Every structure is written in structure tokens, then in C-alpha cells.
Amino acid sequence: MPSSYRSPSHFPVLQSTQVRSAADRAAILEAPGFGRYFTDHMVRVDWSKDGGWDTGAVLPYAPLTMDPASMALHYGQLIFEGLKAYEQPDGSVATFRPTANAQRFQNSARRLAMPELPTEIFVDSLHALVDIDRDWVPAGGGENALYLRPFMISTEVGLGVKPANSYAYLLIASPAGAYFPRGVEPVSVWLSTEYTRAAPGGTGEAKCAGNYAASLIAQAQAADEGCDQVVWLDALEHRWVEEMGGMNLYFVYGSGPTARIVTPSLSGTLLPGITRDSLLTVARGLGYTAEEDKISTDSWRADAASGALTEVFACGTAAVITPVGVVKSAEGEFTVGDGGAGPIAMQLRNALLDVQTGKGADTHNWMHELTPSRTA
Ligand SMILES: *Cc1c(COP(=O)(O)O)cnc(C)c1O
């Protein structure tokens, strides 16, 4: 990175003196996996009760120095987002619906009594980091992307329980390989009736770290039952399907052009995924009936048995769409369709990926350019 580097954003830049060599970077980009390697820089913007948001800066990626009594470490005010930047066919880098992530970040902040980061600062930070670390964006043409992880923590020092009076917003980035390097494979799921992810009035709608901490034991139980993922049910009756704990769910009834595609309604206890929301639109654009409704585990089992239910899939930023094959619970086991990846799941997956990677037309104006082509 030449020292004449000028950020396209309003952030001042402190360039890293330890930028990895082109050879090291190429070796990492060869097989990045997920969330294992981080780029050379990060963005930080601090908030204080008296001063509001500061100017912020692009900084060298480095460990944070924190007082051990920082409130985030004790009371868990920690929210995050996740989105991907893809190299486009023209060499520019673009991301998908970043203002939707910015708004969800604000909603999460409100629920955890944290300050709301303005959308402009959120989007500007994406520009700043992707621009300075442009060389870390995997080559386009496939499903590789640069995963962007915005997050916010409370930084006030003290053990009194209250909303903190200072916070840090941070953005880091990590190259990510294709989620299914050997082709899309269906997952098996465990219906959890012992544990609850979210209850009415709780934090299920917020993308906060604590939701994940509370879910790990059920994920471990699913693994013990021989399943890949846990499916969460409602807290009151353990009967209504909510989500997969990191991905939302979709149910396909029938087949061909008359298929009906249903996702559990946003009841206040599931995370409003941006992939989930986008797929309602994509599915309707392809001519399907797509709607939100309540789905019970009894109807899941009965409709799979009768054949009315033909496909189930999960969706989220990381995998886009993951088919669900086998379903296990305390009451036994059943299979949806033939247990393989269904044609509608794959059609929707390709349609959404085509928009994100620039292969297909962006008819809804969902793509947002973060940095132009190098030759532009
Ligand atoms: C992030 C997340 C999702 C998926 O949201 P996308 O915006 O589609 O990536 C689903 N469930 C939970 C619990 C999540 O944290």
C-alpha cells in the first residue's frame, strides 16, 4: 500500500506497517476457510455519552487493549452484523443490501440499550476497509467473498449494572471460501425441545452475542444426536418452528410453477434475516407464491409424510441456502422429499448468488459498490 493512500471515506487512515506480503496473502486466499484469517486493517469509531460518535479511523488490525473491568466483558452488551463483499465481473467490489444491515444493527443496539450507529457511518466504514484491503477480496467468478464483520461493544470500566456510557464500533474483514466447496450438501437437523433460544420480550430479534452463547449447548446436543444443526422452536409450546440459530428456514409445498414457499412469520423471537427477506422477493419474481406463516412441528412431520411438503431449506449470508434433509427429534426421525437438495432451493440459491456475484441483473437495486474497478 503506497503511503499516498487516500481513503475514499471520511476516516483518517493509519496504515499498517506490517501488511502481509503478496505471497502470504495468495497462500491464504488459496484456501481461506471461514473466519480464520483477517485483513491488514480495521475500522474503529468510539461513542461517548458526552461526545457522541467520534471521527473514527482506519487502523492497523491489532489486538484491543481493554481494562478487565470493561462492561462488555461482564454484562454482554455486544452486537454484531455479517455481510459479504464480492468481486464483480467488471473488477469492482460490491456488497448486498448494506443499509438493511445498518438498520438491523440499529435495532439490535436499541434492544441492548446501546447507541445507534448512523447508517452513513456504517456504510462508510465498509467503503474504507474494503478499499484499503482491496487485495484481500477473493477473485470473483465463484462463491468466494470477503466477509465483513461489524460489531459494537461497551467499553466503560466498572462493575455497576447499567447501560455503559461509552462504546466502540469496530469493523474487521476475513476472506471466506465457498461454504460448500464440494457442492451443496443437505444438513440434518435436531428439533430442540429441551432448550429455548428466545422467548417473547427477550433478545431473539437482536443480533447479539449472548443469543449465540446460550445456543451452543443445544448445538452440542444436536451433534450428539448425529445432527448438523439445531432447529429452535417457540419457548411457550415447543411446537412452532422458529429458525436454525444462525439461519432462517423455508418450507416448499408442491413443485413446479405452482409451488408455495413459506417462511415462519417474524414473531419477535426470530432474527429477521436479510437473506430470508430477499428470498420472499426473489421467489415471487420467479413466479412462486411466497409467504410468511406459522409452521408447527406436527405439520412439518405430517406434510413430509404425505409428500405435500417437498423441500425445506435454511438461508443466511454465510451459506446463502442450505437444504435440510433429515429431521430428528425426541419423537423419532423423518426425511423431507428424497433427503437431497431440492430443485427450488437450488434455483433460488443460484438466482440470489447471481445477483450478489454480478452474474445476474440487479433488478431490485440491492447491490452497493464499495470500491471501483482498479482500472476504472
Ligand atoms: C444473522 C442471523 C441469521 C441470518 O441473517 P442474514 O441477514 O440472512 O445473514 C439468522 N438467524 C440468526 C440467529 C442470525 O444471527
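First listed ligand is number 1; within each ligand, the first listed atom is number 1. Just so you know, residue 1 is the first one in the sequence shown, and it goes up from there. Just so it is clear, the structure is predicted and the values come from calculations on it, not from any experiment.
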Salt-bridge criterion met for R276 and E292 (N-O under 4.0 Å): yes
What are the polar N/O contacts of ligand 1 with the protein below 3.5 Å, with distances?
| from | atom 1 | to | atom 2 | distance (Å) |
| --- | --- | --- | --- | --- |
| ligand 1 | 7 (O) | R104 | NH1 | 2.8 |
| ligand 1 | 7 (O) | R104 | NH2 | 3.1 |
| ligand 1 | 7 (O) | I274 | N | 2.8 |
| ligand 1 | 8 (O) | I274 | N | 3.3 |
| ligand 1 | 8 (O) | T275 | N | 2.9 |
| ligand 1 | 8 (O) | T275 | OG1 | 2.6 |
| ligand 1 | 9 (O) | T317 | N | 2.9 |
| ligand 1 | 9 (O) | T317 | OG1 | 2.6 |
| ligand 1 | 11 (N) | E243 | OE1 | 2.6 |
| ligand 1 | 15 (O) | K207 | NZ | 2.6 |
| ligand 1 | 15 (O) | Y212 | OH | 2.6 |

Between W47 and Y169, ring centroids under 6.0 Å: no
Aromatic contact, H368 with H127 (centres under 6.0 Å): yes
Qualifying residue for side chain to side chain contact (heavy atoms under 4.5 Å, CB included) with Y61, from D133, I172, D40, T39: I172
Student check: side-chain heavy atoms of N248 and T275 closer than 4.5 Å: no
Carboxylate-amine/guanidinium contact E81 K207, below 4.0 Å: no
